[in-house]
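In what follows, a single structure is set out as structure tokens and then discussed.
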Amino acid sequence: MDHDYRIAREKMVKNQLIPRGITDPGVLNAMRKVPRHLFVEEALAGEAYNDHPLPIGHQQTISQPYIVALMTQALELTGKEKTLEIGTGCGYQTAILAELSEKVYTVERIRPLMEKARALLAELNYLNVIFSAFDGTAGWKAYEPYDAIMVTAGAGKIPQPLLDQLADGGRMIIPIGDKTSQDLIRITRDKDHVDKKSLGGCRFVDLIGIHGWNK
Ligand code: SAH
């Protein structure tokens, strides 16, 4: 069984990630390693490595593997970063970030999702992740600044507190658009200069909160 899943992960990397331009060896290795099938309901485990998102309950979804890899690659992680993730969901992306960061701070507004993710990551022995349940559109002031920030839900505009909490030289990735489609925006900060670049279209669930969409 575990062996089959390892083969499924290898195929996912070979067929879905490498041909579409995922080249960062750290990202590819993390995608080869993290057992994505454990992050979805048992009935969906057989589909976990397919080329699409899947439901995780509470009307939320785990992103398609390629999108997880693309967003992670955009952060250019080296293993030394303090990384903030907004939208823990099932915790799969969190585990990928934990493989490549020194420390991950992750925020989820739906407490039962956060608790489930926290239990699973503890079971998988990720010791460098701090979880909390609140509205992450205001960032997480206690631990700022962050070298990398990833937002895994779609917003109409970049929440200002997240820009304020991004370190000098930091990178942020966030889907920006309307409620039906967004562009993945990569933001880099060099002192007071903020640079933005689109990495292409995507479709995420809503980022809900004071600096996001209304409920
Ligand atoms: N990376 C997650 C994606 C989950 S979908 C995964 O792969 O499972 C996006 C998540 O963002 C949802 O769980 C949703 O509840 C959460 N979310 C939406 N708005 C939020 C906010 N303001 N603060 C924290 N989490 C938020």
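Note: hydrogens, waters and symmetry copies are ignored here, and every other heavy atom, side chains too, is used.
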Please check: side-chain N/O of [X] versus main-chain N/O of [Y], any donor-acceptor pairing under 3.5 Å?
X    : Y    : answer
D2   : Y5   : no
R203 : S181 : no
D178 : T180 : yes

- Name all residues meeting the side-chain hydrogen bond (donor to acceptor under 3.5 Å, both in side chains) criterion together with N128; count only those two or more places apart in sequence or in a different chain, and write none if there are none.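 Result, side-chain hydrogen bond (donor to acceptor under 3.5 Å, both in side chains) vs N128: none returned.
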
- Not counting sequence neighbours, which residues clear side-chain hydrogen bond (donor to acceptor under 3.5 Å, both in side chains) with K197? List them please.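 Partners of K197 under the side-chain hydrogen bond (donor to acceptor under 3.5 Å, both in side chains) test: none.
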
- ring-ring contact (aromatic ring centres under 6.0 Å, His included) pairs, two or more places apart, involving residues 148-172: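 Qualifying pairs: none.
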
- Can you tell me if NZ on K179 sees more than 12 non-hydrogen neighbours from other groups inside 6.0 Å?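 It does: K179 NZ has more than 12 such atoms within range.
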
Could you list the donor-acceptor pairs under 3.5 angstrom formed by side chains in residues 110-118, with sequence neighbours left out?
none

- Intermediate values then yes/no, ring pair (Phe, Tyr, Trp, His ring centres under 6.0 Å), Y146 and W140: CA-CA 9 Å; Y146 300 96; W140 196 345; 7.8 Å; no

- Which atom pair, heavy atoms only, marks the closest approach of L166 to P145?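 Closest approach of L166 to P145, heavy atoms only: C-CB, 4.4 Å.
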
- Item | Test item: E99 and I96 side chains (from C-beta on) under 4.5 Å apart, heavy atoms |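 Answer no - side chains too far apart.
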
Please table the atom pairs, donor to acceptor, closer than 3.5 Å between any side-chain atom in residues 207-215 and protein atoms at least two apart or in another chain.
unit_1	atom_1	unit_2	atom_2	d
W213	NE1	G154	O	3.1

- Message: Run the side chain to side chain contact (heavy atoms under 4.5 Å, CB included) test against E102 and tell me which residues pass, sequence neighbours left out.
- Response: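 Partners of E102 under the side chain to side chain contact (heavy atoms under 4.5 Å, CB included) test: none.
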
